[in-house]
Amino acid sequence: MTAKLSTLLKEITPIEIVGDIDKNILSLESDSRRVAKDSLFVAVRGVTTDGHKYIPMVASARVGAIVCEEMPAQFEPGITYVKVADSADALGRLASAWFGHPSQNLKLVGVTGTNGKTTTATLLYEMARLDGYEAGLISTVCNYVGLRAIPTTHTTPDPITLNRLLAEMVDAGCEYAFMEVSSHAAQQKRIAGLRFTGAIFSNLTRDHLDYHGTVENYMNAKKAFFDMLPADAFALVNIDDKSGRYMIQNTKAKTYTYSLRSDADFRTRVVESRLDGTLLSINGTEVEVQFTGRFNAYNLTAVYGASLLCGLDKESVLVGMSKLVPVAGRFQTFHGADGVTAIVDYAHTPDALVNVLDTIREVLGPDGYITTVVGAGGNRDHGKRPLMAQEAACRSDRLILTSDNPRDEEPQDIIDMMKAGLSAEELRRTLCIADRREAIKAALSTCPQGGVVLIAGKGHEPYQEIKGVRHHFDDREEVCAFLNISFSSSSN
């Protein structure tokens, strides 16, 4: 692939240019290790490193041009230097141009919020395919170009990877693309240069404060996504969440609302709820779905509303909703022959635990027995650890605190932080088993017939990250091995 530097620079607003812009560029890179002769290197200030410090190294590789926020002290002959105000924003716009502006040739819908992003984006992808359209998906669990699965490493990829995926979708004949938009991605401008047909806001609760610092910063990172939408896009927000209307205060997009509690453009009522499904009434029409819980009712309402706003047929959407199945690791249910039910869920925030446990309690009733197995990720927000333990303890008959992805921390240290949130009475109903496999076995072996074991925090993840190394570990495999039932990681 080749592009004229002068053409690429029309996508951004340079403050200063030193050197010739009438030259061919052979590759676009933000990773200094990937540059080659005649590359365009964009120096981005990242979380752990600053691309500007690699400018001398990439210059020695005889790159064609360098985009940066600070010009180097010395200019190398033959290299064009371009100064910009925000190199992260510039990278997104350059990446879009490099791959031929693929988002302009797709109906691209982004989903943001603390919880529900993966389920909502994935179900929209499935809905479009059920209605006969080719579609793509960019999500935490897996990326898809049509039916071709592509492993994922981030909720929202870097701009070059992201636009490459979108371009592959265009080449594969996709009409729709659905993607999760994380708060990190919005703040780091990974979505700069993309043209969205629509955006969805699910909810906002405490998460990622290790990165954003405050809930306000976290909220504003998500709001920035809606602020960038064009006037012909749609913005669909959950108005039962107090941040819903805030998200759309400054958007130019046409706004729509959804709710389970008040008047909205898309209104849903839970008619009947069971562990294997729910009867919903959406805008007055009843539909049976294979999902459980009010949180899933919200997700499905967003899917319904966005599907219609994307132009899908209402009757086809309603039929499609009855065919949709839960996403891997999201309230994924396994039934043992002894009457014990295990539920594996990605819930890793206090609010997500509340949603899942309240759903289980609603179905089981006050006399049902619930055991919760949960930990907290290492090198992440410490403040939510005791809160997670509190929410799990007060909604469970037994709590087992265990290891999640401890990363660089000691599992027992994380468990001790979680225990600090528990009362003396709650501690009497709590076990601490750092080995996650043993914790799952203990929960399943002691749960009474008819009871439910919730295994929370990791969901679809097939690994545990310990001291920088990912070891194979899948909660669902552990459950199936104990219950003596078959499991395939390729299925939901």
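Computation of the quantities below employed the complete heavy-atom set of this structure, encompassing side-chain atoms and omitting hydrogens, waters and symmetry-equivalent molecules. Positions are given from 1 along the sequence.
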Y125-Y144 aromatic ring centre distance below 6.0 Å: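 Yes, the ring of Y125 comes within the 6.0 Å limit of the ring of Y144, centre to centre.
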
Ring centroid separation Y176 to Y133 under 6.0 Å: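 Y176 vs Y133: aromatic centres under 6.0 Å.
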
State, with a plain yes or no, whether a side-chain heavy atom of [X] is found less than 4.5 Å away from one of [Y].
X: D232; Y: R195; value: yes
X: S202; Y: N115; value: no
X: F291; Y: P326; value: yes
X: T114; Y: Y218; value: yes
X: T122; Y: L137; value: yes
X: I150; Y: E168; value: yes
X: F201; Y: I239; value: no
X: T119; Y: N296; value: yes

Trace of the side-chain hydrogen bond (donor to acceptor under 3.5 Å, both in side chains) decision for S139 with T118: CA-CA 6 Å; S139 82; T118 299; 5.5 Å; no

Which label fits [X] and [Y]: parallel for a plane angle under 30°, tilted from 30 to 60°, or perpendicular past 60°?
X: F196; Y: F225; result: perpendicular
X: H460; Y: Y346; result: tilted
X: F75; Y: Y81; result: tilted

Expected output: side-chain S243 to main-chain Y246 donor-acceptor under 3.5 Å: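 Such a contact is absent between S243 side chain and Y246 backbone.
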
Side-chain (E69) to main-chain (S87) donor-acceptor, under 3.5 angstrom: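 Yes; at least one donor-acceptor contact below 3.5 Å.
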
Verdict with reasoning, D22 to S6, per side-chain hydrogen bond (donor to acceptor under 3.5 Å, both in side chains): CA-CA 6 Å; D22 186 24; S6 56; 5.0 Å; no

Lys NZ or Arg CZ of R470 over Y463 ring: under 6.0 Å, within 45°: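 Flagged: R470 positioned over aromatic ring of Y463.
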
Pair D241, N238: side-chain N/O donor-acceptor within cut-off below 3.5 Å: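 No pair is found: no donor N or O on one side chain lies under 3.5 Å from an acceptor on the other.
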
Residue pair G64 / K23: nearest heavy atoms and the distance that separates them: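 Scanning both residues completely, I find the closest heavy atoms to be O-NZ, 2.9 Å.
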
